[in-house]
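Note sheet for the following structure.
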Amino acid sequence: MGSFRRDFITKPIFSLARRVMPAMSDTEREALEAGDVWWDADLFTGDPDWSKLLAFAPATLTTGEQAFLNGPVDELCAMLDEWKINWEWRDLPPEVWEFIKANKFFGMIIPKAHGGLGFSPYAHSEVVRKISSRSLTAAVTVMVPNSLGPGELLMRFGTREQQERWLPRLADGRDIPCFGLTSPEAGSDAASMIDKGIICKGTFDGREVLGLRLNWHKRYITLGPVATLLGLAFKAYDPDRLVGSETDLGITVALIPTHLPGVEIGHRHLPAMQVFQNGPNWGRDVFIPMDYIIGGQERLGQGWKMLMTALAAGRGISLPSLSAAGAVYAARTTGAYARIREQFNVPIGKFEGIEEPLARIAGTAYLLDAARRLTCAALNEGRHPAVISGIMKLHATERMRIAIDDAMDIHGGKAVIDGPQNYMGNLYRSVPVGITVEGANILTRNLIVFGQGAVRAHPYLLDEMNAINEGDSARALDAFDKTFWEHVRHTAITALRAWGRSWSGGMFVKVGVAGKAAGFYRQLSRYSSAFALCADMALLTLGGALKRKEMLSARFGDILSELYLLSAALKRWHHEGHQEADFVLLEWCMQNGCKTIELRFAEILANFPNQFVAYILKFLIQPLGPRGLGPSDRVTHECAQLVLEPSAARDRLTPDLSHVDEDRGVARLEKAFLLVAGAEDIVKKMHAAHMRDRETALKNGVITQDEAERLAAAHEAVAKVIEVDDFAPDAISPIHSKPADVHEFFQEVAEKRAAS
């Protein structure tokens, strides 16, 4: 029977699949093989096991890691003045650079055996998160050496000699690293770079050796202007066949000490008025020996796979940590400001028009930090979830943008007028940087999340593709026959499961002990089944053409992303002990996420190329159309109120931010917030007596002298917060510093124009 099925049923299907599936390039295969899968694979099955997710150990800090946060990190934050860093110095001051080096901030991920701190991914994330609540410049400076760069690549792929030579120097700051990947010709499509290295013989340290002569132009390189050790990606060529029979060897990565002849480094970019060190660099006929290739000569041409493997982890830590911190920072500061700022004698946070964006900020902060913690937990266990890292980078930066936009709207002029008192403006300016780097979000959403996820996380697709690409026809057909029919069986079961769950609202899904959140687990199980079915139908009817249907792919990616992010929110609520006060935050996340999922399903079905299949899918998974309406008014109101008053729930939502501001910015805001909240009962007594004036209330015995003084202190603190900075003309513009010289200059210009 097996042979009959294989030869007469499977074989024609196999032949068709070979024709319709596009050939996979080496770079695509290496990108797909980088990293691994995790909870994304469970979601792709259509029947996620929630007990498995909840049993997974949450990320925690060791005693040493916590001590570092409470010690050197707090000390560093106290040294940082973001206004002066951005507008006066245009850099971190020398003493901060020295402190960062001396305390091994650049060596957080480097093992202790090589002189580093040996921190876990979660500790790395927590450090970046806390510093970024104080200074984005310092946060970026610290996070880049611990993300994609020479250190990460050396630990994974370097030879023992390379590790022993370079890692201690990177750990203690003797060398400052950067990594040169992006070039003018190659942004998101890094494989199109024209930077090249020609294998040849040359003189190095006074002796003739085999090596590479390099020519490159890189840009947007963070820490590039001050780096002493450049990790460089380039294409290697061997025209004289000095190392083998191939001439085009592919992308390779090497270490380039920046003092070598021919290296040009030092010029700076100014990315969105952010002053972290970033700039271009060039190499002209730079010669390096073969042992400067990371991993040695045997790693020639393996650079793309090395980069993708490293990126599979790094993208899940640095920018998601910074973004989660930005959302939490927005929640704490905006909630406090909306509480102390009054219009029409009412705190602005009490207006429903303010409650909606305020709730969105709070819900986003809860969701992003939940996803950050869950992703770090996976990384702590040694996993490298490539698809999840892409989801995190994309959605953390995009949702931070929404949160910061909302915060700016609520703050109004307070956040628009720049100066030392503005604690929001620089964060707003920085948002486009995170959106752009480590792979543009447009590309990640449209091509990577579902495009890579469908292949890697799907239970059968990668095996089918490997069978199709197998060189031996007999083995290929046998492998395809086995996997294809398992896939068919899986799809049939998924279709029945999706139909039953969609029509019943997931009523019969077993979720174990979930308490009040049981309904949310059922909904996600329902959506997971519908997603798996629709994805299979898209792959079956479109085949390789799905790769070109970017808008369709993006919508599938959005659903997969929401499933992961909402899973993280459920796990957070579970591991924080089912906190009753926090449940409204979970409700907001789930209602908002379900609305997005329902809408994306509707968009997929409306735009599905095969409308007959779309009609069947609609009947199975969405017979009444999209039903999610988003957060209810009650949930929105309660979410907003949570950040308007001091409480344990507010502290759980916004933990471990740096408030060392002396008497300005966030420190002033925190002080005023506590004073205003503490005086609320006094204000209520005055309102009940129909009195607004403090002195009148005191004279009439409505309030005591102590209460009057507390009100006065709160009023004074609020006045300090809502004031904005102003400057003398010559403090802003040099034109006004020497009016006589300027007058002469413009007079000279006018005379030259008249003469011409």
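Positions are given from 1 along the sequence.
Ionic pairing of Arg339 and Glu680 is present here: one or more N-O contacts between side-chain nitrogen and carboxylate oxygen are shorter than 4.0 angstrom. For Arg383 and Asp36, the salt-bridge test fails: no basic side-chain N is under 4.0 Å from an acidic carboxylate O.
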Practice prompt. Quick one: do Ser567 and Leu43 satisfy side chain to side chain contact (heavy atoms under 4.5 Å, CB included)? Show the steps, please.
Written response: CA-CA 10 Å; Ser567 298; Leu43 294 171; 4.1 Å; yes
Discussion item. As a quick check of understanding, evaluate side-chain hydrogen bond (donor to acceptor under 3.5 Å, both in side chains) for Ser389 and Arg315, giving each step before the final call.
Written reply: CA-CA 5 Å; Ser389 290; Arg315 294 180 84 199; over 6 Å; no
Practice prompt. Go through the steps to decide whether Lys516 and Glu580 satisfy the test salt bridge (charged side-chain N to carboxylate O under 4.0 Å, His left out), and finish with yes or no.
Written response: CA-CA 9 Å; Lys516 292 176 65 176; Glu580 182 66 28; 2.7 Å; yes
Item to complete: Give the C-alpha distance, both sets of side-chain angles, the deciding distance and a yes or no for salt bridge (charged side-chain N to carboxylate O under 4.0 Å, His left out) between Glu587 and Arg634.
Response: CA-CA 10 Å; Glu587 282 186 290; Arg634 174 194 63 82; 2.8 Å; yes
Worksheet item: Hey, mind stepping through Phe105 and Phe68 against ring pair (Phe, Tyr, Trp, His ring centres under 6.0 Å) and telling me if it holds?
Response: CA-CA 10 Å; Phe105 279 88; Phe68 188 80; 4.9 Å; yes
Item to complete: Carefully, step by step, assess Arg650 and Asp582 under the rule salt bridge (charged side-chain N to carboxylate O under 4.0 Å, His left out).
Response: CA-CA 9 Å; Arg650 180 175 181 266; Asp582 300 357; over 6 Å; no
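Residues Glu65 and Tyr122 form no side-chain contact, since every pair of their non-hydrogen atoms from C-beta on lies 4.5 Å or further apart. Between Leu322 and Ser430 the shortest side-chain heavy-atom distance does not fall below 4.5 Å. Looking at Tyr329 and Ile404, their side chains never come closer than 4.5 Å, going by heavy atoms from C-beta outward. Residues Val142 and Met108 form a side-chain contact, since some pair of their non-hydrogen atoms from C-beta on lies under 4.5 Å apart. For the pair Val721 and Phe673, the minimum side-chain heavy-atom distance is 4.5 Å or more. By the 4.5 Å heavy-atom criterion applied to side chains, Ile597 and Leu566 are counted as neighbours. Counting heavy atoms from C-beta on, the side chains of Leu674 and Pro646 come closer than 4.5 Å. Side-chain contact check for Gln274 versus Asn426: some heavy-atom pair is nearer than 4.5 Å.
With Asn380 contributing its side chain and Ala59 its backbone, the two residues share no donor-acceptor pair below 3.5 Å. Not a single donor-acceptor pair under 3.5 Å links the side chain of Glu562 to the backbone N or O of Thr596. For the pair Trp573 (side chain) and Gln579 (backbone), a donor-acceptor distance under 3.5 Å is present. At least one donor-acceptor pair closer than 3.5 Å links the side chain of Thr397 to the backbone N or O of Lys393. With His575 contributing its side chain and Leu54 its backbone, the two residues share a donor-acceptor pair below 3.5 Å. Gln421 places no side-chain N or O within 3.5 Å of a backbone atom of Val724 that could act as its donor or acceptor partner. Looking only at distances, a side-chain donor or acceptor of Ser133 sits under 3.5 Å from a matching main-chain atom of Ser658. A donor-acceptor pair is defined here as one N or O able to donate and one able to accept, closer than 3.5 Å; such a pair exists between the side chain of Arg134 and the backbone of Cys77. In this structure, the side chain of Thr436 engages the main chain of Pro432 through a donor-acceptor pair within 3.5 Å. Using a distance-only test at 3.5 Å, with no hydrogens or angles considered, no donor-acceptor pair links the side chain of Ser147 to the main chain of Met143.
The side chain to side chain donor-acceptor pair (under 3.5 Å) contacts involving residues 349-361 comprise Lys350-Gln641, Glu355-His637, Glu355-Gln641, Arg360-Asp406, where partners must be two or more places apart or lie in separate chains. Applying the ring-ring contact (aromatic ring centres under 6.0 Å, His included) rule to pairs touching residues 341-382 yields nothing, sequence neighbours excluded.
For the pair Lys571 and Phe56, the cation does not sit on the ring face, since its NZ or CZ is not both under 6.0 Å from the ring centre and inside 45° of the axis.
Under the salt bridge (charged side-chain N to carboxylate O under 4.0 Å, His left out) rule, Glu723 has a single partner from Arg341, Arg668, Lys414, which is Arg668. Checking each of Arg501, Arg497, Arg526 against Val509 for a side chain to side chain contact (heavy atoms under 4.5 Å, CB included) leaves exactly one that passes, namely Arg501.
Counting heavy-atom neighbours within 6.0 Å of His687 NE2, excluding the residue itself, gives a total above 12. Around the OH atom of Tyr428, the shell of radius 6.0 Å holds no more than 12 heavy atoms that belong to other residues, nucleotides or ligands.
Outside the 6.0 Å centre-distance limit, the rings of Phe601 and Phe556 are not counted as a close aromatic pair. Taking the six-membered ring for Trp and the full ring otherwise, the centers of His411 and Tyr337 sit less than 6.0 Å from each other. For Trp39 and Tyr564, the gap between ring centers reaches or exceeds 6.0 Å. For an aromatic pair to be called close, the ring centres must be under 6.0 Å apart, and Phe44 with Phe531 satisfies this.
Between the CD atom of Gln452 and the CG atom of Asp40 there is a distance of 9.5 Å, given to the nearest 0.5 Å. If you take CG on Asn146 and OG on Ser125, they are separated by 11.5 Å, rounding to the nearest 0.5 Å. Here the CZ atom belonging to Arg600 is positioned 10.0 Å from the OG atom belonging to Ser561, to the nearest 0.5 angstrom. Here Glu126 contributes atom CD and Gln66 contributes atom CD; the two are 8.0 Å apart, rounded to the nearest 0.5 Å. The distance from the CG atom of Leu570 to the CG atom of Leu53 is 8.0 Å, given to the nearest 0.5 Å. Here CG of Leu80 is found 7.5 Å from CD1 of Ile131. Values are rounded to the nearest 0.5 Å.
Residues satisfying the salt bridge (Lys or Arg N to Asp or Glu O under 4.0 Å) criterion with Arg522, sequence neighbours excluded, are absent altogether. A search for salt bridge (Lys or Arg N to Asp or Glu O under 4.0 Å) contacts involving Lys130 returns Asp74, not counting sequence neighbours. Glu82 meets the salt bridge (Lys or Arg N to Asp or Glu O under 4.0 Å) test with no other residue; sequence neighbours excluded. Partners of Asp369 by salt bridge (Lys or Arg N to Asp or Glu O under 4.0 Å), not counting sequence neighbours, listed by chain and number: Arg129, Arg372, Arg373.
Thr45 and Asp47 are not linked by any side-chain donor-acceptor pair at a separation below 3.5 angstrom, with hydrogens and angles left out of the test. In this structure, a donor-acceptor pair under 3.5 Å is present between the side chains of Ser525 and Trp50. Judged purely by distance below 3.5 Å, without hydrogens or angles, the side chains of Glu598 and Tyr527 pair a donor atom with an acceptor atom.
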